Amino acid sequence: MTPREIPALRRRLLAWYDRGHRPLPWRESRDPYRIWVSEVMLQQTRVETALDYYRRFLGRFPTIARLAAAAPEAVLKAWEGLGYYARARNLHRAARALVERHGGRLPAEPEAFRALPGVGDYTAAAVYSIAFGRPLAVVDGNVRRVIARLLALSLAVDSAAGGRRVRETAERLLDRGRPGDFNQALMELGALVCTPRRPACPGCPIRAFCRAGREGAAADYPRKTRARPVPTVPVAVGVIFKNGRVLVTRRPERGLLGGLWEFPGGKIEPGEDPRAACRRELAEETGLAVEGLEPLGLVRHAYSHFRVVIHAFRCRFAAGRVRLRQATAHRWVSPSRLGELALPQATRRLLPLLQERGDGAPR
Ligand code: SF4
């Protein structure tokens with residue numbers, strides 16, 4: 001693609017976008033807060049999944065001030081099921097910082113916004129280009145793929161040199177008159193036309209400028225460094241009953257699933273029997289001895305860098321006082337009220353197993 005071709009590429013891409021992009025609710029607004037929430041949700045979540053969450057979240061927290069005033073638990077609850085909970089915690093912290101330091105509004109300069117918790121280059125560029133027309137190029141997975149194919153980029157896009165090349169190209173291509181629309185058009189093209197598996201090159205509005213598309217080699221790009229195998233971690237958890245209630249513990253604020261409630265347990269050691277592991281983990285993590293351990297079921301769940309296989313057991317409290325090792329709080333809860341807590345997906349999937357046993361947990 002030569003520099004002289006770039007204005008034509010911009011025109012064709014924007015004309016395609018103008019003809020019929022998806023009418024998504026965050027595109028109907030110039031409210032930077034709404035655009036920010038949508039961009040945070042969409043970082044790790046598909047549009048179809050994010051739609052319902054987006055409407056509910058903004059129904060609950062319609063302004064930065066309302067979000068800032070909410071309890072952390074309420075924010076996590078509204079995010080429950082979306083995963084990557086650090087996004088919700090950071091959004092909440094950033095809203096509080098905006099109220100304290102910027103009168104509850106986004107600052108004029110993107111650099112000041114970029115300094116808030118959880119706000120990276122992508123989010124700052126997306127929000128400031130779309131809401132304020134600032135000439136900042138976004139680079140997300142869709143943009144990376146489209147640009148790697150446009151250039152037939154031999155560098156791996158997840159290498160430092162490949163990443164630099166993609167960013168430089170995104171900045172070169174950006175339409176400075178309509179940066180927000182251009183960014184959205186490039187992302188939309190990646191989501192609808194230049195898709196990971198079956199790019200629709202014959203109908204692509206920028207095929208004339210695309211080296212991989214012209215050569216029929218779109219499937220060869222983007223190149224990536226070899227992925228490491230994803231490990232599977234076996235885990236044992238116990239649903240401990242005491243006087244008709246069950247014990248749940250709260251994960252530390254920082255780290256994976258921070259602040260969410262779960263049944264206590266931990267990793268099964270190599271060669272260890274899951275039932276023995278459950279008894280040991282409950283003693284170590286809660287200080288409690290249990291009896292009558294019965295298998296409740298198996299739940300498999302995938303996170304971004306590993307998978308877990310959860311061996312869940314039902315058991316009765318036998319002796320001891322709760323002494324938490326890593327968790328930050330505990331509660332004895334009626335099974336029918338477990339659904340009111342902010343729970344990780346994998347824990348939520350144990351609730352129907354409890355219900356099948358007649359233990360009164362909700363679906
Ligand atoms: S021509 Fe094909 S590979 Fe190139 S941008 Fe369009 S859809 Fe992607």
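Each ligand, and each atom within it, is numbered from 1 in the order the structure gives. These numbers were taken from a predicted model, which means no experiment stands behind them.
Sorted by first then second residue, the salt bridge (Lys or Arg N to Asp or Glu O under 4.0 Å) pairs that include residues 131-160, not counting sequence neighbours, are E109-R134. For residues 74-87, the pairs satisfying salt bridge (Lys or Arg N to Asp or Glu O under 4.0 Å) are K77-E80, E80-R348, with sequence neighbours left out.
Ionic pairing of E215 and R211 is present here: one or more N-O contacts between side-chain nitrogen and carboxylate oxygen are shorter than 4.0 angstrom.
Geometrically, R60 does not engage F57 in a cation-pi contact defined by less than 6.0 Å to the ring centre and at most 45° from the axis.
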Name every donor-acceptor pair, under 3.5 Å, that has one atom in a side chain of residues 312-323 and the other anywhere in the protein, sequence neighbours excluded.
unit_1, atom_1, unit_2, atom_2, d
R314, NE, D359, OD1, 3.4
R314, NE, D359, OD2, 2.7
R314, NH2, D359, OD1, 2.7

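A salt bridge (Lys or Arg N to Asp or Glu O under 4.0 Å) with D18 is found for one member of R11, R12, R178 and no other, namely R178.
Here 1 is the count of protein N, O or S atoms positioned under 2.8 Å from atom 4 (Fe) of ligand 1, waters not counted.
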